[in-house]
Amino acid sequence: MRILLISDVHANLEALEAVLAAAPAHIAVWNLGDLVGYGASPNEVVERLIPLQNVAVRGNHDKAASGITDLSDFNPIAAAALVWTRNQLIATSRLALRQLARGPVLPSEGVACAHGSPLDEDHYIHSRREAWHPLAESPARITFFGHTHIQGGYQLEEQHCTSLKPNYHGGVEREVVTLALDSSHRYLLNPGSVGQPRDNDWRAAFALFDLSSMQLEWHRIPYNVELAQRRIREAGLPERLAARLASGR
Ligand code: ZN
């Protein structure tokens, strides 16, 4: 009963293919949004993911790229990448992005998927302070979220909020960290970003959630960063979007 959890692929086909090849056996794919924006392969990523994902919520980049929102909330580099993405998207990709659900969605009892906060799809949860209300008021005891590109999360035990972070050795190899969920706690859990990690680790991030044993596995896997960077540069996207992939920042 394992679910593959992915988020913030951001049109990075090289990272996505590495994740799909490395992911252990699973019965479903839940995608927490931002399929496109920043990376060089928006159509390829949408076409690869749409038939695979059983649950998918929309991210702020998906909304802007498909014309649901304008670009006023984005910094200049993100906005430039979104203008490029809008010009690249073929009609079927744009429609698929427009049809993504607004989070939170509840694919299983007591479990929710959101892009940002379960209380507001565009809100970031970066700290215990920002986690407090979403933890207490989410429609589900376990909420998966993305948007920050930082693997980890928060737990609420009675009135006590703690942050959770996988403890990796770092380096270039594949690593897995397991978290056993306590049936009396509430959780906000972020699988990390497949295509543009920002937690100082360049490796692609994803997670596996076992619905029967209530265990979460956080994964990091190496992928062909150089190829993803070359394709961003060849596309004429801002240089910073290529450079940041190597440092995971
Ligand atoms: Zn994102």
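Quick note: residue numbers are just sequence positions, from 1.
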Look at the side chain of [X] and the backbone N and O of [Y], then say whether any donor-acceptor pair between them is shorter than 3.5 Å.
X	Y	value
Arg86	Ala64	yes
Arg203	Arg220	no
Glu121	Gly116	no
His115	Leu32	yes
Asn12	Gly39	no
Tyr154	His126	yes
Arg48	Leu13	no

Measure the shortest side-chain to side-chain distance between [X] and [Y] over non-hydrogen atoms and say whether it is less than 4.5 angstrom.
X	Y	value
Asp8	Arg198	no
Pro166	Glu175	no
Asn60	Thr69	no
Tyr223	Val194	no
Ile3	Phe144	no

Distance (rounded to the nearest 0.5 Å) between [X] [atom1] and [Y] [atom2]:
X	Y	atom1	atom2	answer
Tyr187	Leu164	OH	CG	7.0 Å
His147	His149	NE2	NE2	8.0 Å
Leu4	Phe209	CG	CZ	13.0 Å
Arg233	Leu241	CZ	CG	10.5 Å
Arg230	Asn224	CZ	CG	7.5 Å
Leu208	Leu5	CG	CG	7.0 Å

_Working for side-chain contact (heavy atoms from CB on, under 4.5 Å), residues Leu20 and Leu52_ = CA-CA 10 Å; Leu20 294 175; Leu52 285 184; 3.7 Å; yes
*Are any of the side-chain nitrogens in Asp122 or Lys63 under 4.0 Å away from the carboxylate oxygens of its partner?*
yes
To check you understand the geometry: which heavy-atom pair defines the closest contact between [X] and [Y], and what is its length?
X	Y	result
Pro191	Ser7	CG-CB, 4.0 Å
Val36	Ala65	CG2-CB, 3.7 Å
Val57	Gly103	CG1-CA, 3.8 Å

*Quickly, which of His26, Glu217, Gln215 forms a side chain to side chain donor-acceptor pair (under 3.5 Å) with Arg2? Name it, please.*
Glu217
Would you say that more than 12 heavy atoms from the other residues, nucleotides or ligands in this model lie under 6.0 Å from the [atom1] of [X], or not?
X	atom1	answer
Glu173	CD	no
His123	NE2	no
Arg249	CZ	no

*Taking only residues two or more places apart in sequence, or in another chain, which ones meet Arg128 in a salt bridge (Lys or Arg N to Asp or Glu O under 4.0 Å)?*
none
*Under 3.5 Å, is there a donor-acceptor pair between the Arg231 and Ser41 side chains?*
yes
